[in-house]
Protein chains: 2
Amino acid sequence: MASSDNSRLSLLLSKLEKWAEFSGADREAVLSLPYKIRSYSPAQYIARDGDRTEYCSLLLSGYAYRSKIVGDGGRQIVAIHIKGDMVDLQNGVLGIADHNVQALTAIEVALMPRGAILDIVQQHPAVARAMWHETLVDGSTQREWTTNVGRRDAQARLAHLLCEFGLRVEAAGLGSRTHYDLPLTQEQLADCLGLTPVHVNRTLKVLDRQNLITRTLRSVRIDDWDRLAGAGDFNSTYLHLDSNSRALDPATPMRLSA
Amino acid sequence: MASSDNSRLSLLLSKLEKWAEFSGADREAVLSLPYKIRSYSPAQYIARDGDRTEYCSLLLSGYAYRSKIVGDGGRQIVAIHIKGDMVDLQNGVLGIADHNVQALTAIEVALMPRGAILDIVQQHPAVARAMWHETLVDGSTQREWTTNVGRRDAQARLAHLLCEFGLRVEAAGLGSRTHYDLPLTQEQLADCLGLTPVHVNRTLKVLDRQNLITRTLRSVRIDDWDRLAGAGDFNSTYLHLDSNSRALDPATPMRLSA
DNA sequence: CGCCGGTTTGAGTCCATTCAAGAGGAGTGG
DNA sequence: CCACTCCTCTTGAATGGACTCAAACCGGCG
């Protein structure tokens with residue numbers, strides 16, 4: 001466990017500090033978490049369903065995804081992760097993986113031993129609270145995904161996903177919400193959306209023909225954000241991107257219009 | 001905020017203690033959380049999407065559910081909660097509700113102020129860890145629901161839901177896994193499963209005709225658990241019902257057979 | 001150049017939906 | 001105690017969105 005140059009964990013620190021007020025000691029503790037860097041190539045497993053997990057991983061670069069396999073061989077992708085996400089907090093803390101975690105592109109992760117995570121949350125309440133928040137936001141996103149596959153048609157599902165990606169990629173500083181890399185094959189998109197690859201292909205074409213998006217190879221340009229968000233029934237609240245929950249601003253609560 | 005007789009929070013305590021080793025002070029702190037009891041009648045809102053939330057609620061009796069509404073008016077039920085569940089931890093801690101929480105039956109809840117929850121996790125790491133666990137298990141369940149609506153056909157979806165209910169109801173001491181109250185209308189079942197009420201009706205009949213279940217009014221008898229679990233592609237791992245994660249037993253990791 | 005994974009397109013099928021109407025059950029008020 | 005109403009459940013028939021199967025196309029790469 002080489003604890004060499006810990007500056008790579010500053011990514012984690014800045015993420016966590018969005019959610020709680022950190023003391024100097026808290027920051028110090030995060031930055032001195034033991035970790036090792038590891039690379040994975042596309043499709044490689046970070047964790048497999050059923051595995052005992054020893055590490056929590058912070059995604060340093062690239063994209064990763066979580067998936068579950070059903071009885072007939074079908075696959076559901078339940079989450080996509082980008083730079084700065086803790087990709088294995090749930091599996092790591094619960095101790096046993098209830099789903100697969102795989103690299104989508106070539107990635108780099110910082111592996112932190114499960115015990116070190118449990119220790120730091122034991123000793124640093126602010127860190128604990130921030131990680132808990134992280135988990136809560138993941139949960140919120142997951143509910144939205146359930147809703148997406150459960151109650152929207154193919155076009156809305158896809159539009160919704162593209163909007164979510166845009167905002168998250170932008171928030172992570174990886175591009176603009178209207179033009180970003182989308183390193184998913186149509187088959188993987190289908191597995192995110194509960195559709196078949198063939199139908200994803202057709203649906204993409206429909207969005208393109210309506211001048212909502214322009215597809216180039218593995219990247220997307222959103223030509224009309226507002227109309228795409230409308231088509232996707234997209235409301236960004238669930239992403240909790242505004243980090244003002246600790247000092248909740250007095251703005252009027254939003255309400256769905258429909 | 002009447003902090004009168006705190007014995008009702010022992011339900012919360014016993015749940016949390018499954019996930020972390022509590023000291024006497026930890027127990028004391030949980031039991032002396034301020035709360036007030038409130039009743040809701042069926043369909044009444046505990047929280048609405050977009051609301052500022054001031055309380056976290058512990059469900060003392062009855063059933064509740066979370067839902068999201070989509071643009072065309074459709075509803076997705078994203079979780080069902082039973083006695084002992086914290087029904088509003090996410091909304092309460094994040095401070096703004098990203099979905100609705102409603103009573104399914106007549107219910108009683110213990111409302112605890114958001115601030116008190118934040119305080120206790122600040123001062124009692126074991127409590128924080130236990131609540132975090134609670135959230136992680138919720139997240140795991142949510143991933144399974146996403147998978148259920150995304151990648152299983154109507155029959156499997158319904159069978160899966162019935163199995164999940166059975167185990168959870170049994171774990172909460174409310175009945176047996178093979179015979180329990182199911183206070184959902186077929187419309188509500190449909191909204192859990194991403195189906196229409198009409199199709200739920202037909203699918204129930206299919207399960208009945210295959211002698212997997214027997215339906216009586218608002219309750220279910222599972223006649224052949226193993227076959228139903230097979231039909232529903234059900235594997236209970238994701239519920240994390242075995243509370244041995246803090247002292248992980250050395251059993252071989254489970255792997256899916258398919 | 002020829003392979004190979006991914007994309008595109010077409011045609012036919014099917015699972016679930018929609019629309020519609022009737023039956024059952026519980027509660028209410030006359 | 002019965003009539004009435006409302007809600008839920010049930011069933012049928014027709015429709016449709018997404019799927020399956022299958023073949024062709026494309027672009028990158030060895």
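On a predicted model such as this, the values are computed, not experimentally measured, just so you know. Reminder, nothing fancy here: chain letters follow the sequence lines and each chain counts from 1.
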Residues in residues 187-204 of chain B with a heavy atom under 4.0 Å of DNA chain D, by number, are Val198(B), Asn201(B), Arg202(B)

In terms of heavy-atom contacts, Gly194(B) and Val149(B) come closest through N-CG1, 4.1 Å

In short, the helix from dC1(C)-dG30(D) to dG30(C)-dC1(D) is bent end to end, axes from five pairs each side, to 10°, by 30°

NE2 of His81(A) to CG of Leu58(A), rounded to nearest 0.5 Å, is 11.5 Å

Before accepting this row, confirm whether a basic side-chain N of the pair Asp233(B)/Arg152(B) lies closer than 4.0 Å to the acidic partner's carboxylate O. yes

Closest heavy-atom pair, Leu167(A) versus Ser236(A), reported as atoms and distance to 0.1 Å, is CD1-CB, 3.4 Å

Taking side chain as C-beta onward, heavy atoms only, is Leu212(B) less than 4.5 Å from Asp223(B)? no

Residues at least two apart in sequence or cross-chain that pass ring-ring contact (aromatic ring centres under 6.0 Å, His included) with His160(A), listed by chain then number, are Phe234(A), Tyr238(A)

Side-chain N,O (Lys205(A)) to OP1/OP2 (dT9(C)) below 4.0 Å: yes

Rounding to 0.5 Å, atoms CD1 (Ile82(B)) and OG1 (Thr105(B)) come to a distance of 11.5 Å

Item to check | Side-chain N or O of Arg218(A) closer than 4.0 Å to phosphate OP1/OP2 of dG5(C) | outcome: no

Checklist entry - Are Lys15(B) and Glu134(B) ion-paired here, with the side-chain N under 4.0 Å from a carboxylate O? => result yes

**Asked** Is the closest side-chain heavy-atom distance between Leu12(A) and Met86(A) below 4.5 Å?
**Response** yes

The correct set of residues in residues 147-163 of chain B placing a heavy atom under 4.0 Å from DNA chain C is Asp153(B), Ala154(B)

For Ala64(B) and Ile107(B), the nearest pair of non-hydrogen atoms, with its separation, is CB-CD1, 4.5 Å

Checking dT8(C), dG6(C), dC9(D) against the side chain of Thr185(B) (C-beta onward), the nearest is dC9(D)

Hits for side-chain contact (heavy atoms from CB on, under 4.5 Å) against Glu54(B), two or more places apart or cross-chain, chain-then-number order -> Arg52(B)

Please write out the pairs of protein N or O atoms and N or O atoms of nucleotides 22-26 of chain C separated by less than 3.5 Å, giving the distance to one decimal.
none

When rounded to the nearest 0.5 Å, the distance separating CG of Leu189(A) from CG of Leu193(A) is 6.0 Å

So CZ of Arg157(A) and NE2 of His199(A): to nearest 0.5 Å the spacing works out to 8.0 Å

